[in-house]
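Report on one structure; see the data block that follows.
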Amino acid sequence: MRLVLVGPPGAGKGTQAQFIASNLSIPKISTGDIFRANVSGGTELGRIAKEYMDRGDLVPDEVTIAMVRDRLSESDAQDGFLLDGFPRNVPQAEILKKMLSEFGAALDVVLELVVDDEEVVRRLAGRRTCGQCGRIWHVDFDDKKDDVCDVCGGRLYQREDDSEETVRHRLEVYQEQTAPLVSFYADENLLVGVDATGPVEEITQRAMEALRPFAD
Ligand SMILES: [Zn+2]
């Protein structure tokens, strides 16, 4: 199965990507993993990407696309894959479609993890990090009433990334980029949405049921 996974920050996309890919016996291909593999492997693309990253700049689209192309050409991806983090926008989706058709293939399905904005804010803005051991606690899920780490006694704080303001901003950026992508795939009749609230195993189960009609 050739599958793209999309979902907002805080939807548990990384975890679900891993479980779904392993259930379907297909490789999980995330842009983060591809970047790291190219950089640590010292490839030409990795060298170029690293120059941008070292300067704190975004890696240009064409470098990302070339890395994705290389990865999708590898033997383990010939019978299917789960893409996580690519495509990010409609132009990239068009390029992916063209790339796959050159390989004589096409996407089977795009799975969207659907989580309410307020639920995302609750999940992410409720996180507290221990300044001493780095453990992450949650004010609701761990019923954390004080700001002391139960493991090491360290002081808990809220990371800048987890502040409500930052989380809401990330959600806005996500909506801006992804809403057109989601409607692109809806128009292509590839989009399936899954409720991504509740226990992790239940979400995986729901996803597997939603994907069953698309299995070979
Ligand atoms: Zn601690």
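Values below: every heavy atom of this structure, side chains too, minus hydrogens, waters and symmetry copies. One-based numbering, in listed order, for ligands and for the atoms of each.
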Check: Is a side-chain N or O of Gln78 found less than 3.5 angstrom from the main chain of Ser73, in a donor-acceptor match?
Finding: yes
Next item on the list: Give every residue pair that meets the ring-ring contact (aromatic ring centres under 6.0 Å, His included) criterion with at least one member in residues 18-67, sequence neighbours excluded.
Entry: none
Margin query: Using side-chain contact (heavy atoms from CB on, under 4.5 Å), reason through Val151 and Trp137 one step at a time and then give a plain yes or no.
Written below: CA-CA 11 Å; Val151 172; Trp137 300 89; 3.9 Å; yes
Check: Which atom pair, heavy atoms only, marks the closest approach of Val63 to Leu45?
Finding: CG1-O, 4.0 Å
Notebook entry, point to check: Which atom pair, heavy atoms only, marks the closest approach of Pro27 to Ala77?
Noted result: CG-CA, 4.2 Å
Checklist line | Proximal protein heteroatoms (N, O or S) of the Zn ion (ligand 1), under 2.8 Å | finding: Cys130 SG, Cys133 SG, Cys149 SG, Cys152 SG
Check: Is any NZ, NE, NH1 or NH2 atom of the basic residue among Arg122 and Glu118 found under 4.0 Å from an Asp or Glu carboxylate oxygen of the other?
Finding: no
